[in-house]
Amino acid sequence: LAEKMKVNPTEIIKKLIAKGIMVTVNQQIDFENAAKIAEEYGFLVDKEEVKDELEMLLEETPDDEKDLQPRPPIVTVMGHVDHGKTSLLDAIRNTNVTMKEMGGITQHIGASVVEINDKKIVFLDTPGHEAFTAMRARGASITDIVVLVVAADDGVMPQTVEAINHVKAANVPMIVAINKIDLPTANPDRVKTELSELGLVPEEWGGNTICVPVSAKKNIGIDNLLEMILLVAEMEDLKANPNKPARGTIIEAKLEKGKGPVATVIVQNGTLQIGDAILAGTVYGKVRAMFDDKGRRIKKAGPSMPVEVLGFSEVPEAGDKLIVVEDEKKARELAERRKELQKEMELKRKQKVSLEDLFSQIQEGSVKELNIIIKADVQGSVEALKKSIEDLSNEEVRIKVIHGAVGAITETDVMLASASNAIIIGFNVRPETNAKNLAEKEKVDIKLYRIIYEAIEDIKAAMKGLLEPKY
Ligand code: GDP
């Protein structure tokens, strides 16, 4: 500032100190104070937003429609424990012709590519809504389609409901695979009835939920399921531009003996090539070698493709975004800058919505929909709270209960709250220890009540900005 105005810096420092702002010559001051000082010297100050180079790199320039080409869908399998998620993934991988040609060697890199009717589908190897929501909480939404597995002999179970709510909160299309239809006790119609009660009405009953009967064990209906996935992918119009430097997300990373840091990247746009300078979180590198999910050495990987990448300086973190930059020197510089910034960022980690600051967020217009997760000791309380809370919606805020269930508050609930900017309300239940710690880290607001009326009154008060903070 002194240089720009051609005055002695000590003069400015004196002026600032007189205002009670203790600074040294190489310290930054904020715009307001800089403007006031400049005015005293007869300068008019204009505010110019200078974007950080890192921010600019992270921002993706939108592609021209003409450059876009269809890309394979990325699919996550979810469902209640023992309903057959793992078996279904295995069955799907086994239908893959190229795999059979390869002698069925599965290279576990975190995702698998399956081909049907000359079209590719990518499956993430870690099933379940926990992994899905954890990635989402990190800002890495990579799943395009969810396959929900429901065992035909067991029907909709608590984790089925949980998965459905996690998927709904993420607004990702879902296909239901009704599994184990080989069993004599299988009752697909019961599953469909239970799904309908949750608002997922099967297509054949006039709704828009695609249900595919399958048997992962007996290999029945797998092709049909894959075809349905392609159909949904087509409706979703999934596209990317393969002709530009890659952007992607790290889905797995580890240190491997003899290879160094190894990470699996899902390319989301552009094409990743050998020799590319890369940056992922605070880690940089240069793509030395790449392997596909069948363990084959490849030179480039286009949109939606999972690839194992060698050449990182350190092990990056799952969920980190990967970008290609001009050269390794730049990548290193940016990685180092990020490391410095990270400490600051940790401190500035944003509080998710809380009841105390709800009103100001409504006023700012940053909250138009308040998401709530309810956990209670009995189903009756879940229902009663859900109804009363949703009825509080007004013109300014819509209150939406994105998940309600019986039981203690779990880490998964906190992850969902973090990913969906939600408040958790516990009624006659407590958070598990891990959940409590995670909530502190993720800055998720958990409110515990023993009387329904008090919960309702608190939310009412919060909406009007009348809630007294409790410490
Ligand atoms: P996950 O916990 O959802 O991953 O379920 P698994 O894939 O581990 O399957 C749980 C159990 O159900 C295993 O004993 C499987 O052999 C069995 N199973 C999975 N799919 C089928 C199926 O289509 N039919 C029958 N009869 N059993 C199945």
Side-chain angles (χ1 to χ4, degrees), residues 74-96 99-100 104 106-114 116 121-135 142-143 145-168 170 172 174-195 198 200 202 209-229 251-252 264 293 306 318 403 405 407 410-413 415-416:
I74 301 166
V75 180
T76 297
V77 175
M78 295 182 192
H80 194 73
V81 64
D82 280 347
H83 278 198
K85 299 178 290 292
T86 313
S87 307
L88 185 65
L89 274 167
D90 285 345
I92 287 168
R93 282 189 286 246
N94 286 334
T95 56
N96 198 341
M99 275 272 302
K100 277 183 199 144
T106 319
Q107 191 80 10
H108 181 93
I109 67 163
S112 329
V113 185
V114 167
I116 179 159
I121 304 174
V122 179
F123 284 88
L124 296 179
D125 287 340
T126 315
H129 54 278
E130 292 88 354
F132 169 84
T133 298
M135 283 293 252
I142 43 179
T143 302
I145 298 168
V146 165
V147 169
L148 179 74
V149 182
V150 187
D153 63 329
D154 207 20
V156 169
M157 297 303 277
Q159 283 168 35
T160 317
V161 179
E162 198 168 288
I164 291 171
N165 290 337
H166 279 236
V167 176
K168 275 188 187 163
V172 171
M174 182 163 49
I175 296 174
V176 179
I178 303 180
N179 191 30
K180 308 198 186 183
I181 53 154
D182 58 291
L183 290 174
T185 47
N187 188 349
D189 273 351
R190 195 188 96 200
V191 175
K192 288 181 193 171
T193 308
E194 289 168 346
L195 288 169
L198 295 169
L200 299 175
T209 301
I210 300 176
C211 294
V212 186
V214 298
S215 165
K217 198 171 191 173
K218 298 272 160 73
N219 228 327
I220 305 167
I222 306 296
D223 281 357
N224 193 15
L225 175 65
L226 297 178
E227 276 160 25
M228 286 303 161
I229 292 171
I251 58 163
E252 275 195 14
T264 300
D293 62 311
H403 179 56
T410 64
E411 277 183 288
T412 309
D413 295 327
M415 268 324 197
L416 178 61

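In listed order, ligands and their atoms are each counted from 1. Position 1 is the first residue of the sequence; numbering continues from there. Computed from a predicted structure; not experimentally measured.
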Requested in this report: Could you verify whether a donor N or O on one side chain and an acceptor N or O on the other, from Asn179 and His83, lie under 3.5 Å apart?
Outcome: no
Report task. Go through the structure and list residues passing salt bridge (charged side-chain N to carboxylate O under 4.0 Å, His left out) with Lys192, not counting sequence neighbours. Result -> Glu204
Query raised in the report: With sequence neighbours excluded, what pairs up with Ser215 under the side-chain hydrogen bond (donor to acceptor under 3.5 Å, both in side chains) test?
Result: Asp182
Query - side-chain hydrogen bond (donor to acceptor under 3.5 Å, both in side chains) involving Thr143 - partner list, sequence neighbours excluded - result: Thr76
Query - Side-chain H-bond candidate by donor/acceptor type, Thr410 with Asp413, under 3.5 Å - result: yes
Query - Set of residues that line ligand 1, where lining means a heavy atom lies under 4.0 Å from it - result: His80, Val81, Asp82, His83, Gly84, Lys85, Thr86, Ser87, Asn179, Lys180, Asp182, Leu183, Ser215, Ala216, Lys217
Query raised in the report: Between the main-chain N or O of Ala111 and the side-chain N or O of Asp125, is there a donor-acceptor pair closer than 3.5 Å?
Result: yes
